[in-house]
Engineer: 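I'd like to ask some things about the structure below.
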Amino acid sequence: MVFNFLKADITISLRKFASVTLLTSGTLAWFFIINIYHEELLRNIDPTGTWIIEGQIIFYAFAIVSGIIGSLINKKGNHRKFLVSWIVLGIISTILPLVIQGMEAIIVYSILLGFSLGFGLPDSLTLIANCTTVEERGRVSGATILEIFAIAVPAVIVIRILGSGILAIVLLMIIARLVSFFALSLDKYDTDLVKKKPELLKSNYKEFIFYVIPWIIFTFASGLASNLIPNTEPYALVDSLGTPIRYVLIGVFGLIWGIIADRFGRKQAIIIGLVILAISFGVLGFAFSPDAALFYQIISGIAWGSFLSIYLVLPGDLSAISSREKFYALGTISPLIALFSLPLIGDIATFFAPSAFSQVLSVLLVLSIIPVMLAKETLQESKIRKRKMKEYTDKLGKILQESKEKS
């Protein structure tokens, strides 16, 4: 039944599906590899490690700024060239740690890397929304999340097998980014052919803010949690085991939550994701131990699958085509703002007992459910009822057909 629903009423063609999902998944897989090995990349440019934190801050700052700039550019008639330029910049910036050295080089590298992420990402995400209907958007977005980690997890495994060498990291990052190039070969990306829809009501900006608040809190809390778990044994062993499992679960549950979002609505998936992550923090606070840390890694993977999938959907649900890139820019830069702030205040967690701080984060996540409750559901109840009625009719028709064949 789940498989039948996965493919039911899908209007996007297979070629278009592969094109728009791979364009995004290649870029975000590239970003997740950066997220894991960012310090190694920066340290290869500046072996003294003096500008590691500054490099991370510059990277996220320019990812935020470039995301805003990219969403404001008029790409009419030059959409494909814009995407090609964005991907080429990503490949060039990826190679830089192999050829440049020094503290000044870290500034240049971090600026280019930030632009390589943020500049075209809202546009890339917008294409998914433009090519899907509300009823199928969750499943297509969930498939995109699965693709991201189908690329990123094998890359991380290969890097670890090869010993985390800088050459291996750079090569695997380039391969991930080339996936987006392959996506460009599958479609013309002619946005002028997309039919215009009615303009967005102003009230939907307020609705989206209600959804953005828990997105920021979720990202911020998850980032702070990484500072709670020590790098010493046996926690380091737990991390080496738990991280790959966590990424696999994000990919698998990204698709599962996408299916749930198209079947039951978006709000339920977000609320469940917040509750799941709050429970994992509660376990850390109740009994801080390697076993609890592993439990957190696993459960947080399920929760992240929910948020990544649903927040690929929501900007498209709440926006008209004319304003969609701006909505996706806001949805993109919101978690980046949280990540930007972590190097600045990340050490705050070290001043508190891990168990007490985990409980604070758990309460914060539970409180962030309130804005979600205030927001409206973006999958209309009429569409849910229509889908249930169609499923009932199809099932009844199948029973009658089988009964007729037996008689």
Side-chain angles (χ1 to χ4, degrees), residues 6 10 12-37 63 67 70 80 82-84 86-91 93-94 113 116-132 136-159 171-187 189 244 246-259 261-262 301 304-316 325 328 331-332 335-336:
L6 180 61
I10 294 292
I12 185 173
S13 68
L14 183 60
R15 189 181 185 88
K16 180 74 74 174
F17 168 84
S19 177
V20 298
T21 59
L22 288 174
L23 180 65
T24 294
S25 60
T27 299
L28 291 182
W30 172 84
F31 168 65
F32 273 98
I33 299 171
I34 292 174
N35 207 37
I36 297 172
Y37 298 106
R80 187 181 181 84
F82 173 82
L83 294 171
V84 169
W86 173 52
I87 297 169
V88 169
L89 180 63
I91 295 172
S93 64
T94 301
L113 201 67
S116 302
L117 173 63
F119 195 51
L121 190 55
D123 193 79
S124 175
L125 298 173
T126 297
L127 286 169
I128 296 176
N130 287 351
C131 297
T132 55
E136 67 186 353
R137 193 167 291 144
R139 285 166 287 173
V140 174
S141 297
T144 304
I145 302 303
L146 182 61
E147 287 176 4
I148 291 168
F149 291 93
I151 298 168
V153 172
V156 172
I157 292 173
V158 170
I159 291 169
L171 286 176
L172 269 297
M173 285 174 61
I174 290 173
I175 291 172
R177 209 69 168 96
L178 285 173
V179 171
S180 296
F181 248 140
F182 171 71
L184 289 177
S185 69
L186 298 176
D187 193 77
Y189 296 92
R246 182 177 183 233
Y247 284 155
V248 169
L249 289 173
I250 294 174
V252 172
F253 276 88
L255 178 59
I256 292 173
W257 287 117
I259 295 171
D262 278 351
W304 266 105
S306 163
F307 265 68
L308 288 175
S309 179
I310 302 307
Y311 279 87
L312 279 185
V313 174
L314 287 172
E325 285 184 39
Y328 272 105
T332 300
L336 289 176

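We number each residue from 1, following the sequence as shown. Quick note: numbers below take in every heavy atom, side chains included, and nothing from hydrogens, waters or symmetry partners.
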Engineer: Does Phe31 have any ring pair (Phe, Tyr, Trp, His ring centres under 6.0 Å) partners at least two apart in sequence or in another chain, and if so, which?
Structural biologist: none
Engineer: Can you give each donor-acceptor pair under 3.5 Å made by side-chain atoms of residues 142-159, sequence neighbours left out, with the distance rounded to 0.1 Å?
Structural biologist:
| from | atom 1 | to | atom 2 | distance (Å) |
| --- | --- | --- | --- | --- |
| Thr144 | OG1 | Val140 | O | 2.9 |
| Glu147 | OE1 | Thr21 | OG1 | 3.2 |
| Glu147 | OE1 | Ser25 | OG | 3.1 |
| Glu147 | OE2 | Thr21 | OG1 | 3.0 |

Engineer: Look at the aromatic rings of Phe82 and Phe119 and report parallel, tilted or perpendicular, splitting at 30° and 60°.
Structural biologist: tilted
Engineer: Write down the atom of Asp262, the atom of Gly138, and the distance for their closest heavy-atom approach.
Structural biologist: OD1-N, 2.9 Å
Engineer: Can you list everything that forms a side chain to side chain contact (heavy atoms under 4.5 Å, CB included) with Pro244? Sequence neighbours excluded, please.
Structural biologist: Arg160
Engineer: When rounded to the nearest 0.5 angstrom, what distance separates CG in Leu117 from OG1 in Thr27?
Structural biologist: 8.0 Å
Engineer: Tell me every residue that passes side chain to side chain donor-acceptor pair (under 3.5 Å) with Thr332, counting only those two or more places apart in sequence or in another chain.
Structural biologist: none
Engineer: Under the side chain to side chain donor-acceptor pair (under 3.5 Å) test, which residues partner Trp30, sequence neighbours left out?
Structural biologist: Thr94
Engineer: Classify the ring geometry of Phe307 against Tyr311: parallel below 30°, tilted from 30° to 60°, perpendicular beyond 60°.
Structural biologist: parallel
Engineer: Kindly compute the distance separating CG (Leu178) from CG (Leu22), expressed to the nearest 0.5 Å.
Structural biologist: 12.5 Å
Engineer: Is it true that the side chains of Ser309 and Ser141 contain a donor and an acceptor less than 3.5 Å apart?
Structural biologist: no
Engineer: Side chain to side chain contact (heavy atoms under 4.5 Å, CB included) with Thr126: which residues, sequence neighbours excluded?
Structural biologist: Asn130, Arg324, Glu325, Tyr328
Engineer: Just by distance, do the side chain of Ser116 and the backbone of Ser93 share a donor-acceptor pair under 3.5 Å?
Structural biologist: no
Engineer: Rounded to the nearest 0.5 Å, what separation is found between the CG atom of Leu308 and the CG atom of Leu28?
Structural biologist: 8.0 Å
Engineer: For a quick test of reading the model, state the closest non-hydrogen atom pair linking Met173 to Ile34 and the distance between them.
Structural biologist: CE-CG1, 3.3 Å
Engineer: Looking at OG of Ser124 and CG of Leu23, how far apart are the two atoms once the value is rounded to the nearest 0.5 Å?
Structural biologist: 3.5 Å
Engineer: Please check if the side chain of Arg80 supplies one atom and the backbone of Leu184 the other of a donor-acceptor pair under 3.5 Å.
Structural biologist: yes
Engineer: Is there side-chain contact between Val88 and Phe181, with heavy atoms separated by less than 4.5 Å?
Structural biologist: yes
Engineer: Flag this pair as yes if the NZ/CZ of Arg177 is under 6.0 angstrom from the six-membered ring centre of Trp86 and inside a 45 degree cone about the axis; otherwise no.
Structural biologist: yes
Engineer: Would you find a donor on one side and an acceptor on the other, under 3.5 Å apart, between the side chain of Asp187 and the backbone of Lys16?
Structural biologist: no
